[in-house]
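Beneath this line is the structure, given in C-alpha coordinates, with notes to follow.
We name chains A, B, ... by the order of the sequence lines, and we start the count at 1 in each one. These figures come from a predicted structure and were not determined experimentally.
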There are 2 protein chains.
Amino acid sequence: MSAPALDKSSAANDGEPEDSDDLVPPAALEAWAAMRELVLDHERKKEVCEALGLSFVRVRVLLLVAQAPQTMGAIAARLTTDPPYTTLVVDDLERRGLVERRAHPTDRRAKLVALTPSGEEAARRADALVSAPPTRLAALDADDLEVLRTILAGLSG
Amino acid sequence: MSAPALDKSSAANDGEPEDSDDLVPPAALEAWAAMRELVLDHERKKEVCEALGLSFVRVRVLLLVAQAPQTMGAIAARLTTDPPYTTLVVDDLERRGLVERRAHPTDRRAKLVALTPSGEEAARRADALVSAPPTRLAALDADDLEVLRTILAGLSG
DNA sequence: CATAACTGTTGTGATTGTAGAACTAACCCG
DNA sequence: CGGGTTAGTTCTACAATCACAACAGTTATG
(Lines give C-alpha, C1' and ligand atoms only; values in the text may rest on other atoms or scores of the structure.)
Protein backbone atom coordinates (compact mmCIF):
# COMPACT_ATOMS: atom_id res chain seq x y z
CA MET A 1 0.00 0.00 0.00
CA SER A 2 1.19 3.48 -0.80
CA ALA A 3 0.92 6.44 1.47
CA PRO A 4 -2.63 7.39 2.39
CA ALA A 5 -3.54 10.93 1.47
CA LEU A 6 -5.93 11.60 4.30
CA ASP A 7 -4.95 13.70 7.24
CA LYS A 8 -5.91 11.48 10.12
CA SER A 9 -4.63 13.77 12.81
CA SER A 10 -8.01 13.86 14.49
CA ALA A 11 -9.77 10.53 14.33
CA ALA A 12 -12.04 11.39 17.23
CA ASN A 13 -15.70 11.18 16.40
CA ASP A 14 -18.29 13.69 17.39
CA GLY A 15 -21.86 12.55 17.42
CA GLU A 16 -22.03 8.99 18.66
CA PRO A 17 -22.40 8.02 22.30
CA GLU A 18 -20.40 4.84 21.72
CA ASP A 19 -16.61 5.14 21.67
CA SER A 20 -16.85 8.73 22.76
CA ASP A 21 -13.33 8.60 24.21
CA ASP A 22 -11.37 11.65 23.35
CA LEU A 23 -7.99 10.01 23.91
CA VAL A 24 -7.58 6.98 21.68
CA PRO A 25 -4.14 5.38 21.93
CA PRO A 26 -2.31 5.49 18.58
CA ALA A 27 -1.50 1.81 18.90
CA ALA A 28 -5.25 1.13 19.06
CA LEU A 29 -5.78 3.11 15.87
CA GLU A 30 -3.11 1.19 14.02
CA ALA A 31 -4.16 -2.18 15.33
CA TRP A 32 -7.75 -1.40 14.41
CA ALA A 33 -6.79 -0.34 10.91
CA ALA A 34 -4.83 -3.54 10.40
CA MET A 35 -7.66 -5.69 11.69
CA ARG A 36 -10.20 -3.92 9.54
CA GLU A 37 -8.09 -4.35 6.47
CA LEU A 38 -7.54 -8.02 7.19
CA VAL A 39 -11.18 -8.80 7.83
CA LEU A 40 -12.76 -6.66 5.13
CA ASP A 41 -10.23 -7.73 2.54
CA HIS A 42 -10.94 -11.34 3.24
CA GLU A 43 -14.72 -11.21 3.20
CA ARG A 44 -15.99 -13.93 0.95
CA LYS A 45 -19.57 -12.94 0.48
CA LYS A 46 -19.51 -13.88 -3.16
CA GLU A 47 -18.05 -17.32 -2.59
CA VAL A 48 -20.33 -18.21 0.30
CA CYS A 49 -23.41 -16.95 -1.49
CA GLU A 50 -22.84 -18.87 -4.64
CA ALA A 51 -21.75 -21.93 -2.71
CA LEU A 52 -25.14 -21.97 -0.99
CA GLY A 53 -27.22 -20.30 -3.65
CA LEU A 54 -28.45 -17.75 -1.12
CA SER A 55 -28.15 -14.01 -0.75
CA PHE A 56 -25.84 -12.79 1.99
CA VAL A 57 -28.58 -11.72 4.39
CA ARG A 58 -29.96 -15.21 4.25
CA VAL A 59 -26.55 -16.67 5.01
CA ARG A 60 -26.23 -14.33 7.96
CA VAL A 61 -29.58 -15.51 9.27
CA LEU A 62 -28.45 -19.09 8.92
CA LEU A 63 -25.22 -18.40 10.75
CA LEU A 64 -26.99 -16.48 13.49
CA VAL A 65 -29.69 -19.07 14.05
CA ALA A 66 -27.00 -21.75 14.10
CA GLN A 67 -25.73 -20.35 17.39
CA ALA A 68 -29.15 -20.65 18.96
CA PRO A 69 -32.78 -20.33 17.84
CA GLN A 70 -33.79 -16.69 17.65
CA THR A 71 -36.97 -14.70 17.64
CA MET A 72 -37.75 -12.61 14.58
CA GLY A 73 -37.08 -9.48 16.58
CA ALA A 74 -33.67 -10.70 17.66
CA ILE A 75 -32.76 -11.53 14.08
CA ALA A 76 -33.92 -8.15 12.85
CA ALA A 77 -31.95 -6.39 15.56
CA ARG A 78 -28.77 -8.34 14.92
CA LEU A 79 -28.91 -7.87 11.16
CA THR A 80 -30.27 -4.33 11.33
CA THR A 81 -33.01 -5.20 8.90
CA ASP A 82 -36.51 -3.96 9.56
CA PRO A 83 -39.20 -6.44 10.63
CA PRO A 84 -41.00 -6.66 7.26
CA TYR A 85 -37.86 -7.62 5.42
CA THR A 86 -36.90 -10.08 8.12
CA THR A 87 -40.23 -11.80 7.66
CA LEU A 88 -39.58 -11.99 3.94
CA VAL A 89 -36.13 -13.48 4.35
CA VAL A 90 -37.22 -16.07 6.89
CA ASP A 91 -40.20 -16.93 4.69
CA ASP A 92 -37.79 -17.68 1.91
CA LEU A 93 -35.49 -19.76 4.07
CA GLU A 94 -38.46 -21.69 5.38
CA ARG A 95 -39.71 -22.32 1.86
CA ARG A 96 -36.31 -23.78 1.08
CA GLY A 97 -36.55 -26.03 4.10
CA LEU A 98 -33.53 -24.56 5.85
CA VAL A 99 -35.25 -23.09 8.89
CA GLU A 100 -38.55 -23.53 10.67
CA ARG A 101 -40.63 -21.32 12.94
CA ARG A 102 -41.36 -22.91 16.25
CA ALA A 103 -43.62 -21.72 19.00
CA HIS A 104 -41.96 -19.63 21.65
CA PRO A 105 -42.14 -21.45 24.99
CA THR A 106 -43.34 -18.49 27.06
CA ASP A 107 -44.59 -15.86 24.61
CA ARG A 108 -47.22 -17.00 22.19
CA ARG A 109 -46.82 -13.89 20.07
CA ALA A 110 -43.17 -14.59 19.34
CA LYS A 111 -41.75 -17.34 17.18
CA LEU A 112 -38.43 -19.08 17.45
CA VAL A 113 -36.59 -19.54 14.20
CA ALA A 114 -34.47 -22.69 14.26
CA LEU A 115 -32.43 -24.67 11.76
CA THR A 116 -33.74 -27.81 10.15
CA PRO A 117 -31.26 -30.63 9.58
CA SER A 118 -30.53 -29.47 6.04
CA GLY A 119 -30.28 -25.93 7.40
CA GLU A 120 -27.61 -27.14 9.80
CA GLU A 121 -25.76 -28.69 6.94
CA ALA A 122 -25.90 -25.42 5.01
CA ALA A 123 -24.81 -23.43 8.04
CA ARG A 124 -21.89 -25.77 8.52
CA ARG A 125 -20.74 -25.24 4.97
CA ALA A 126 -21.11 -21.49 5.26
CA ASP A 127 -19.21 -21.48 8.52
CA ALA A 128 -16.39 -23.53 7.06
CA LEU A 129 -15.89 -20.91 4.37
CA VAL A 130 -16.31 -17.90 6.58
CA SER A 131 -14.29 -18.95 9.57
CA ALA A 132 -11.23 -20.07 7.66
CA PRO A 133 -8.58 -17.47 8.43
CA PRO A 134 -6.66 -15.79 5.62
CA THR A 135 -3.32 -17.34 4.81
CA ARG A 136 -1.28 -14.40 5.94
CA LEU A 137 -2.84 -14.71 9.39
CA ALA A 138 -2.47 -18.47 9.63
CA ALA A 139 1.12 -18.14 8.49
CA LEU A 140 2.18 -16.29 11.62
CA ASP A 141 4.47 -17.79 14.27
CA ALA A 142 2.74 -20.12 16.64
CA ASP A 143 3.84 -17.81 19.43
CA ASP A 144 2.38 -14.71 17.82
CA LEU A 145 -0.86 -16.53 17.13
CA GLU A 146 -1.08 -17.61 20.71
CA VAL A 147 -0.54 -14.06 21.90
CA LEU A 148 -3.18 -12.76 19.49
CA ARG A 149 -5.65 -15.37 20.59
CA THR A 150 -5.09 -14.57 24.24
CA ILE A 151 -5.45 -10.83 23.91
CA LEU A 152 -8.45 -10.99 21.60
CA ALA A 153 -10.21 -13.60 23.71
CA GLY A 154 -10.71 -10.96 26.36
CA LEU A 155 -12.70 -8.83 23.94
CA SER A 156 -15.44 -11.21 22.91
CA GLY A 157 -18.60 -9.65 24.22
CA MET B 1 -22.98 -15.37 23.92
CA SER B 2 -24.04 -18.93 24.58
CA ALA B 3 -22.42 -22.04 23.19
CA PRO B 4 -22.35 -22.24 19.42
CA ALA B 5 -24.17 -25.22 18.03
CA LEU B 6 -22.06 -25.79 14.97
CA ASP B 7 -19.57 -28.59 14.77
CA LYS B 8 -16.47 -26.78 13.62
CA SER B 9 -14.20 -29.81 13.69
CA SER B 10 -13.25 -29.37 10.07
CA ALA B 11 -12.89 -25.73 9.08
CA ALA B 12 -10.78 -26.57 6.08
CA ASN B 13 -12.16 -25.26 2.82
CA ASP B 14 -12.31 -27.20 -0.36
CA GLY B 15 -12.63 -25.24 -3.55
CA GLU B 16 -10.65 -22.04 -3.32
CA PRO B 17 -7.03 -21.71 -4.30
CA GLU B 18 -6.45 -19.09 -1.60
CA ASP B 19 -5.90 -20.36 1.98
CA SER B 20 -5.81 -23.92 0.80
CA ASP B 21 -3.78 -24.96 3.85
CA ASP B 22 -5.03 -28.15 5.32
CA LEU B 23 -3.42 -27.55 8.69
CA VAL B 24 -4.74 -24.37 10.25
CA PRO B 25 -3.49 -23.74 13.79
CA PRO B 26 -6.39 -23.64 16.28
CA ALA B 27 -5.05 -20.40 17.69
CA ALA B 28 -5.41 -18.88 14.23
CA LEU B 29 -9.03 -20.01 14.08
CA GLU B 30 -9.86 -18.47 17.41
CA ALA B 31 -7.97 -15.26 16.77
CA TRP B 32 -9.69 -14.98 13.41
CA ALA B 33 -13.10 -15.53 14.92
CA ALA B 34 -12.47 -12.86 17.54
CA MET B 35 -11.24 -10.36 14.97
CA ARG B 36 -14.17 -11.03 12.70
CA GLU B 37 -16.62 -10.54 15.50
CA LEU B 38 -14.96 -7.32 16.56
CA VAL B 39 -14.81 -5.83 13.08
CA LEU B 40 -18.18 -6.97 11.79
CA ASP B 41 -19.93 -6.04 15.01
CA HIS B 42 -18.54 -2.57 14.87
CA GLU B 43 -19.29 -1.80 11.26
CA ARG B 44 -21.03 1.51 11.07
CA LYS B 45 -22.37 1.52 7.57
CA LYS B 46 -25.61 3.09 8.65
CA GLU B 47 -23.98 5.89 10.59
CA VAL B 48 -21.43 6.74 7.94
CA CYS B 49 -23.99 6.63 5.17
CA GLU B 50 -26.44 8.92 6.81
CA ALA B 51 -23.67 11.20 7.99
CA LEU B 52 -22.63 11.74 4.38
CA GLY B 53 -25.97 11.17 2.68
CA LEU B 54 -24.38 8.54 0.45
CA SER B 55 -24.84 4.82 -0.07
CA PHE B 56 -22.11 2.59 1.26
CA VAL B 57 -20.58 1.75 -2.11
CA ARG B 58 -20.12 5.46 -2.72
CA VAL B 59 -18.42 5.87 0.62
CA ARG B 60 -16.10 3.01 -0.23
CA VAL B 61 -15.20 4.67 -3.50
CA LEU B 62 -14.47 7.89 -1.65
CA LEU B 63 -12.29 6.10 0.87
CA LEU B 64 -10.47 4.18 -1.83
CA VAL B 65 -9.83 7.18 -4.04
CA ALA B 66 -8.65 9.09 -0.99
CA GLN B 67 -5.60 6.84 -0.82
CA ALA B 68 -4.68 7.64 -4.40
CA PRO B 69 -6.49 8.42 -7.65
CA GLN B 70 -7.71 5.22 -9.28
CA THR B 71 -8.81 4.08 -12.71
CA MET B 72 -12.36 2.86 -13.10
CA GLY B 73 -11.09 -0.65 -13.53
CA ALA B 74 -9.11 -0.53 -10.32
CA ILE B 75 -12.14 0.74 -8.45
CA ALA B 76 -14.34 -1.97 -9.89
CA ALA B 77 -11.79 -4.65 -9.00
CA ARG B 78 -11.35 -3.42 -5.45
CA LEU B 79 -15.07 -3.10 -4.77
CA THR B 80 -16.02 -6.18 -6.78
CA THR B 81 -18.65 -4.23 -8.66
CA ASP B 82 -19.00 -4.67 -12.39
CA PRO B 83 -17.88 -1.89 -14.74
CA PRO B 84 -21.34 -0.59 -15.63
CA TYR B 85 -22.32 -0.10 -12.01
CA THR B 86 -18.98 1.48 -11.23
CA THR B 87 -19.60 4.02 -13.96
CA LEU B 88 -22.98 4.75 -12.45
CA VAL B 89 -21.61 5.25 -8.95
CA VAL B 90 -18.75 7.49 -10.09
CA ASP B 91 -21.21 9.46 -12.23
CA ASP B 92 -23.24 10.13 -9.14
CA LEU B 93 -20.23 11.13 -7.07
CA GLU B 94 -19.09 13.41 -9.84
CA ARG B 95 -22.53 14.99 -10.08
CA ARG B 96 -22.29 15.73 -6.37
CA GLY B 97 -18.92 17.36 -6.90
CA LEU B 98 -17.04 14.89 -4.73
CA VAL B 99 -14.81 13.32 -7.37
CA GLU B 100 -13.64 14.19 -10.84
CA ARG B 101 -12.42 12.14 -13.78
CA ARG B 102 -9.01 13.19 -14.97
CA ALA B 103 -7.12 12.07 -18.02
CA HIS B 104 -4.78 9.16 -17.48
CA PRO B 105 -1.19 10.28 -18.13
CA THR B 106 -0.17 7.36 -20.32
CA ASP B 107 -3.37 5.58 -21.40
CA ARG B 108 -5.92 7.73 -23.13
CA ARG B 109 -8.60 5.10 -22.78
CA ALA B 110 -8.40 5.10 -19.02
CA LYS B 111 -9.50 7.80 -16.61
CA LEU B 112 -8.22 8.60 -13.18
CA VAL B 113 -10.85 9.25 -10.58
CA ALA B 114 -9.65 11.72 -7.97
CA LEU B 115 -11.19 13.59 -5.06
CA THR B 116 -12.23 17.20 -5.32
CA PRO B 117 -11.63 19.41 -2.29
CA SER B 118 -15.13 18.80 -0.97
CA GLY B 119 -14.64 15.13 -1.72
CA GLU B 120 -11.58 15.16 0.48
CA GLU B 121 -13.59 16.76 3.21
CA ALA B 122 -16.24 14.05 2.91
CA ALA B 123 -13.61 11.32 2.86
CA ARG B 124 -12.05 12.77 5.98
CA ARG B 125 -15.36 12.67 7.79
CA ALA B 126 -16.04 9.11 6.67
CA ASP B 127 -12.59 8.03 7.72
CA ALA B 128 -12.99 9.59 11.14
CA LEU B 129 -16.08 7.48 11.74
CA VAL B 130 -14.75 4.29 10.24
CA SER B 131 -11.29 4.25 11.67
CA ALA B 132 -12.27 4.96 15.27
CA PRO B 133 -11.70 1.70 17.10
CA PRO B 134 -14.43 0.17 19.26
CA THR B 135 -14.24 1.01 22.94
CA ARG B 136 -13.48 -2.51 24.05
CA LEU B 137 -10.41 -2.50 21.83
CA ALA B 138 -9.22 0.94 22.85
CA ALA B 139 -9.73 0.00 26.47
CA LEU B 140 -6.99 -2.64 26.41
CA ASP B 141 -3.70 -2.25 28.28
CA ALA B 142 -1.18 -0.07 26.53
CA ASP B 143 1.11 -3.09 26.49
CA ASP B 144 -1.42 -5.38 24.86
CA LEU B 145 -2.24 -2.74 22.29
CA GLU B 146 1.41 -2.36 21.47
CA VAL B 147 1.79 -6.10 21.01
CA LEU B 148 -1.30 -6.23 18.81
CA ARG B 149 -0.07 -3.37 16.71
CA THR B 150 3.32 -4.98 16.24
CA ILE B 151 2.04 -8.39 15.24
CA LEU B 152 -0.66 -7.05 12.95
CA ALA B 153 1.66 -4.57 11.29
CA GLY B 154 3.47 -7.47 9.69
CA LEU B 155 0.28 -8.56 7.94
CA SER B 156 -0.62 -5.45 6.00
CA GLY B 157 -0.20 -6.54 2.43
C1' DC C 1 -2.03 -1.79 -41.34
C1' DA C 2 -5.43 -5.05 -39.72
C1' DT C 3 -7.00 -7.63 -36.20
C1' DA C 4 -7.55 -8.51 -31.51
C1' DA C 5 -7.71 -7.00 -26.80
C1' DC C 6 -8.69 -3.54 -23.36
C1' DT C 7 -11.16 0.74 -20.93
C1' DG C 8 -14.97 2.72 -20.08
C1' DT C 9 -19.85 3.93 -21.26
C1' DT C 10 -24.82 3.33 -22.36
C1' DG C 11 -29.10 0.99 -21.99
C1' DT C 12 -32.26 -2.39 -20.26
C1' DG C 13 -34.06 -5.44 -16.93
C1' DA C 14 -34.02 -8.41 -12.84
C1' DT C 15 -32.99 -9.01 -8.08
C1' DT C 16 -32.26 -7.44 -3.64
C1' DG C 17 -32.79 -4.58 0.11
C1' DT C 18 -35.34 -0.44 2.59
C1' DA C 19 -39.14 2.22 4.37
C1' DG C 20 -43.94 3.08 5.98
C1' DA C 21 -48.66 2.40 7.20
C1' DA C 22 -52.13 -0.74 8.58
C1' DC C 23 -53.43 -4.97 10.79
C1' DT C 24 -53.89 -9.38 13.93
C1' DA C 25 -52.80 -11.76 17.89
C1' DA C 26 -50.93 -11.91 22.24
C1' DC C 27 -49.10 -9.87 26.42
C1' DC C 28 -49.07 -6.55 30.48
C1' DC C 29 -50.88 -3.71 33.95
C1' DG C 30 -54.05 -1.15 36.59
C1' DC D 1 -62.14 -6.29 31.88
C1' DG D 2 -60.11 -2.42 28.95
C1' DG D 3 -56.50 0.42 27.26
C1' DG D 4 -51.72 0.49 25.93
C1' DT D 5 -47.78 -2.12 24.25
C1' DT D 6 -45.22 -5.68 21.79
C1' DA D 7 -44.25 -9.48 18.04
C1' DG D 8 -44.97 -10.52 13.79
C1' DT D 9 -47.17 -10.21 9.25
C1' DT D 10 -49.05 -8.16 4.94
C1' DC D 11 -49.10 -4.72 1.46
C1' DT D 12 -47.29 -1.04 -1.03
C1' DA D 13 -43.87 1.72 -3.22
C1' DC D 14 -39.23 2.74 -3.89
C1' DA D 15 -34.02 2.89 -3.87
C1' DA D 16 -29.90 0.36 -4.46
C1' DT D 17 -27.38 -3.23 -6.45
C1' DC D 18 -26.23 -6.54 -9.89
C1' DA D 19 -26.14 -8.69 -14.60
C1' DC D 20 -26.01 -8.86 -19.64
C1' DA D 21 -25.36 -7.20 -24.20
C1' DA D 22 -23.75 -3.93 -27.27
C1' DC D 23 -20.86 -0.05 -28.33
C1' DA D 24 -16.91 3.77 -29.24
C1' DG D 25 -12.33 4.93 -28.61
C1' DT D 26 -7.69 3.46 -27.70
C1' DT D 27 -3.94 0.44 -27.38
C1' DA D 28 -1.29 -3.64 -28.40
C1' DT D 29 0.24 -7.28 -31.51
C1' DG D 30 1.40 -9.81 -35.44
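- When the C1' atom of C:dA25 is taken as reference, atom NZ of A:Lys111 falls 9 Å away, rounded to whole Å.
- The residue among A:Asp107 and A:Leu88 whose nearest nucleotide of DNA chain C is located toward the 5' end is A:Leu88.
- Contact between the side-chain N/O atoms of A:Thr87 and the OP1/OP2 oxygens of D:dT10 is not found at any separation under 4.0 Å.
- With rounding to whole Å, A:Asp92 atom CG is found 8 Å from C:dT16 atom P.
- When the C1' atom of C:dT24 is taken as reference, atom CZ of A:Arg108 falls 14 Å away, rounded to whole Å.
- Regarding contacts with the backbone of D:dT17, a side-chain N or O of B:Arg58 is found under 4.0 angstrom from either OP1 or OP2.
- Rounded to an integer number of Å, the gap from OH of A:Tyr85 to P of D:dT12 is 19 Å.
- With hydrogens and angles ignored, the 3.5 Å screen pairs no side-chain donor or acceptor of A:Arg125 with any backbone N or O of A:Leu52.
- Under a 3.5 Å cut-off, the side chain of B:His42 and the backbone N or O of B:Glu37 do not form any donor-acceptor pair.
- Distance, B:His104 NE2 to D:dG25 C1': 16 Å, rounded to whole Å.
- By the 4.0 Å N-to-carboxylate-O rule, B:Arg96 lies too far from B:Glu94 to be salt-bridged with it.
- One can place NZ of A:Lys45 at 9 Å from P of D:dC18, the figure rounded to the nearest angstrom.
- Between the side chain of A:Glu47 and the backbone N or O of A:Lys45 there is no donor-acceptor pair closer than 3.5 Å.
- Take the nearest nucleotide of DNA chain D for A:Ala110 and for A:Asp91: the residue whose nucleotide is more 5' is A:Ala110.
- Remark: the backbone N or O of A:Thr80 is paired with a side-chain donor or acceptor of B:Lys46 at under 3.5 angstrom.
- Of the two residues near DNA chain C, A:Thr81 and A:Arg109, the one whose nearest nucleotide lies more 5' is A:Thr81.
- When rounded to the nearest whole Å, the span between CG of A:Asp82 and P of D:dT12 equals 17 Å.
- No engagement by A:Thr86 is indicated, since no non-hydrogen atom pair under 4.0 Å with the nucleic acid exists.
- Residue contacts for B:Val57: at a heavy-atom cut-off of 4.0 Å it reaches the sugar-phosphate backbone alone, with no base atom in range.
- Atom CE in A:Met72 sits about 15 Å away from atom C1' in C:dA25, given to the nearest Å.
- Listed nucleotides: C:dT10, C:dG17, D:dC11. Nearest to the side chain of A:Pro84: D:dC11.
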